[in-house]
Amino acid sequence: MAKSDRKNAFVTGFPIKQSKSPLIHSYWLEQLGLNGTYKAVELEEDGFAAFLASIKSGELDLEGGNVTMPFKEQAFKLVDRLDDIAKKIGAVNTIYKKDGHLWGSNTDGYGFSANLDDFSSDWKPKSGQNKRAVVLGAGGASRAILYALSDLGFKEVLLFNRTFERAKGLELELGGPIQACYMADIDKGLQNADLFVNTSSLGMHGSDVPDLDFKKMAKGALVTDIVYSPLKTKFLQNAEHKGIKIADGFGMLLHQAVPGFEHWFGQRPEVTVKLRQQILSA
Ligand code: ATR
């Protein structure tokens with residue numbers, strides 16, 4: 001039987017039921033009138049390698065998909081080829097087929113940066129400009145953001161984490177402008193900083209966060225948080241209260257989905273206010 005011209009993609013992880021990715025991609029498929037599907041596939045931890053092999057062999061009719069916890073590191077090891085970004089970050093969240101190979105990429109850094117572009121036109125350093133970012137958190141989520149900040153030309157990226165050694169490990173691994181710092185020095189680090197990013201899980205579901213002195217930041221500074229539940233986290237409330245510009249992290253989820261969609265379905269979709277409202281209210 002001839003293969004249908006329908007293109008199919010997936011998101012896998014464990015658990016995966018809570019993923020918003022099927023809603024995002026299905027919205028774009030419908031809006032663009034494309035013949036495609038994007039579905040969540042729940043796999044046991046030891047089932048991931050066989051799943052990838054079946055995609056590669058064509059046994060499963062899938063163009064590729066997204067990979068989330070706990071498969072991002074396994075995906076990094078198991079794909080045939082890695083693009084430069086995935087190599088640098090050390091984790092894969094997007095898989096696609098090209099030239100008979102399974103490729104792995106990482107779009108989290110792109111998602112982070114494109115989200116901030118929606119909130120501010122001047123958060124990125126212009127050529128020759130010295131900008132300092134302060135990043136809180138040295139877990140899995142911070143790697144892609146550190147890479148993006150470094151790639152965008154931030155001269156200083158001060159990395160604070162409850163466990164200093166973890167921050168030091170990322171400084172040594174990623175290099176460039178990243179400097180691990182002690183938590184006790186965070187208010188000093190914020191002095192004249194242009195950007196603050198919370199990549200830790202602090203503040204998730206309304207939990208307490210340290211009362212940081214955002215007033216010390218540079219004129220025009222931006223404060224953002226990758227936690228988006230609640231949408232306006234305590235870090236963002238604090239910054240807004242002090243008159244600092246804020247950007248919530250929800251758009252990172254929407255923007256990181258764009259490059260994958262383009263790989264699998266051949267058209268670049270748009271992140272719009274309507275999409276944001278629809279996914280937020282789902
Ligand atoms: P993820 O992959 O989502 O980043 P993770 O790798 O477990 O998850 O990292 C969670 C981050 O939140 C880490 O930076 C963690 O700090 P530690 O490295 O010291 O564990 C940070 N974090 C979590 N709970 C925290 C808390 N109560 N206080 C301070 N930092 C916390």
Side-chain angles (χ1 to χ4, degrees), residues 11-21 45 48 66-77 85-86 88-94 104-113 115 133-150 157-174 178-190 195-214 223-231 233-239 248-257:
V11 57
T12 188
F14 190 87
I16 197 62
K17 284 193 190 73
Q18 81 299 343
S19 172
K20 297 195 191 312
S21 294
E45 189 136 9
F48 185 68
N66 287 122
V67 178
T68 181
M69 292 324 225
F71 299 131
K72 285 184 174 187
E73 283 76 24
Q74 270 197 63
F76 179 81
K77 293 193 188 112
I85 297 173
K88 192 84 189 176
I89 296 170
V92 158
N93 78 337
T94 302
S105 184
N106 193 307
T107 65
D108 287 333
Y110 166 79
F112 168 76
S113 166
N115 179 45
V134 170
V135 175
L136 176 61
S142 78
R143 302 175 69 93
I145 289 169
L146 291 170
Y147 172 74
L149 295 175
S150 171
V157 178
L158 306 185
L159 177 58
F160 294 86
N161 194 47
R162 173 178 61 180
T163 312
F164 174 79
E165 291 69 28
R166 230 174 154 193
K168 191 70 191 173
L170 284 180
E171 175 196 301
L172 296 174
E173 195 184 325
L174 298 172
I178 298 156
Q179 302 166 43
C181 304
Y182 290 100
M183 271 314 283
D185 295 328
I186 194 161
D187 276 341
K188 215 164 21 169
L190 283 170
L195 178 70
F196 171 84
V197 189
N198 176 42
T199 75
S200 78
S201 50
L202 280 169
M204 205 176 266
H205 310 307
S207 60
D208 281 343
V209 306
D211 184 18
L212 301 181
D213 196 359
F214 293 126
V223 167
T224 187
D225 199 330
I226 68 158
V227 171
Y228 57 80
S229 177
L231 205 51
T233 63
K234 287 186 179 164
F235 282 125
L236 297 181
Q237 285 175 31
N238 174 3
D248 70 62
F250 193 70
M252 181 174 165
L253 175 76
L254 307 175
H255 281 287
Q256 64 78 30

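Nothing fancy with the numbering, it's 1 onward along the sequence. Atoms within a ligand are numbered from 1 in the order they appear, just like the ligands themselves.
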message = Tell me whether N161 contacts the main-chain N or O of A138 through its side chain, where contact means a donor paired with an acceptor under 3.5 Å.
response = yes
request  = Check the angle between the aromatic planes of Y110 and H255 and answer parallel, tilted or perpendicular using the 30° and 60° thresholds.
outcome  = perpendicular
task = Check for a donor-acceptor pair, side chain of N93 on one end and backbone N or O of N66 on the other, with a separation under 3.5 Å.
result = no
Distances only, to 0.1 Å: what are the N or O pairs between ligand 1 and the protein that fall under 3.5 Å?
residue, atom, partner, partner atom, Å
ligand 1, 2 (O), G140, N, 3.2
ligand 1, 4 (O), G140, N, 3.1
ligand 1, 4 (O), A141, N, 3.0
ligand 1, 6 (O), G140, N, 3.1
ligand 1, 6 (O), R166, NH2, 3.0
ligand 1, 12 (O), S201, N, 3.2
ligand 1, 14 (O), A138, N, 3.0
ligand 1, 14 (O), N161, OD1, 2.7
ligand 1, 16 (O), N161, OD1, 3.3
ligand 1, 18 (O), N161, ND2, 2.8
ligand 1, 18 (O), R166, NH1, 2.8
ligand 1, 19 (O), R162, NE, 3.0
ligand 1, 19 (O), T163, N, 3.0
ligand 1, 19 (O), T163, OG1, 2.4
ligand 1, 20 (O), R162, NH2, 2.8
ligand 1, 27 (N), R162, NH1, 3.4

ask   = Who pairs with K188 by salt bridge (Lys or Arg N to Asp or Glu O under 4.0 Å), at least two apart in sequence or on another chain?
value = D185
ask   = How are the rings of Y182 and F164 set relative to one another: parallel (under 30°), tilted (30 to 60°) or perpendicular (over 60°)?
value = parallel
ask   = Under 3.5 Å, is there a donor-acceptor pair between the side chain of N198 and the main chain of V227?
value = no
